[in-house]
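One structure below.
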Amino acid sequence: MTLTADAVAQHERDRSAQNVTDLIELIEAVRDNAARLLSGVPHPPASLRLRAGAVAVELEWPPAGADRPAPPSALNGAAENAAGERASSPPPVREEDGLFPVPSPSVGVFYRAPEPDAAPFVSVGDTVARGQQVGIVEVMKLMLPVEADRAGRVAEIVARDGAEVEYGEPLLLLADPAGR
């Protein structure tokens with residue numbers, strides 16, 4: 001069997017494309033594992049290091065109390081009104097009210113759109129399917145998709161675009177798609 005230069009070049013391109021595909025899959029697996037690990041902790045650790053083959057992800061957070069603004073939820077909880085009473089936080093969402101929260105998968109920054117100036121993933125009144133992406137939470141330059149865990153109609157967008165959010169914090173409220 002005789003191989004031509006073109007055949008050898010094509011074989012090398014095919015191997016290179018497969019290597020790139022394999023590397024992308026490995027990076028995505030590391031990213032997904034990092035997201036899963038982070039979603040199970042109440043606050044970010046000092047650092048997180050994951051390695052799989054040639055791919056390594058290292059994340060570090062500033063120490064508690066470092067020069068970092070408090071998240072809006074902390075500011076709201078510490079606010080006092082003119083009478084000197086603590087401001088009350090909004091009542092928790094109850095499924096009995098016919099609204100179902102879509103929680104944040106992690107501590108981070110919530111974005112409604114895939115990039116600045118792009119249309120948001122969803123708007124109030126949109127109908128969403130289970131598993132549909134409705135936003136993004138950025139954690140140390142890692143973009144975690146926010147997906148609806150049930151079908152429904154977007155009744156309210158609770159978190160503002162670009163807001164710091166906590167793990168489990170409601171980002172959107174879904175109503176029954178039939179509009180009960």
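Keep in mind it's a predicted model, so treat the numbers as computed, not measured.
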Could you check if a side-chain atom of S123 sits within less than 4.5 angstrom of a side-chain atom of V154, using non-hydrogen atoms only? no
Looking only at heavy atoms, which two atoms of [X] and [Y] are closest? And how far apart?
X    : Y    : answer
S106 : V137 : O-CG1, 3.9 Å
A113 : A118 : CB-O, 3.5 Å
R150 : L174 : O-CD1, 3.7 Å
V107 : E166 : CG2-OE1, 3.9 Å
P114 : A119 : CD-O, 3.5 Å
Y111 : D161 : CA-OD1, 3.2 Å

Would the distance check show the side chain of R112 and the main-chain N or O of R160 forming a donor-acceptor pair, the cut-off being under 3.5 Å? no
Can you list the steps and then say if V158 with E156 is a side-chain contact (heavy atoms from CB on, under 4.5 Å)? CA-CA 6 Å; V158 179; E156 182 181 346; 4.2 Å; yes
Nearest 0.5 Å please: distance from the CG atom of L173 over to the CZ atom of R153.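 One finds 11.0 Å between CG of L173 and CZ of R153.
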Reported CE-to-CD distance for the pair M140 and E138, which is rounded to 0.5 angstrom: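 If I round to the nearest 0.5 Å, the distance is 9.0 Å.
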The test is side-chain contact (heavy atoms from CB on, under 4.5 Å); show your working for F121 and I136 and say whether it passes. CA-CA 9 Å; F121 289 104; I136 295 173; 3.6 Å; yes
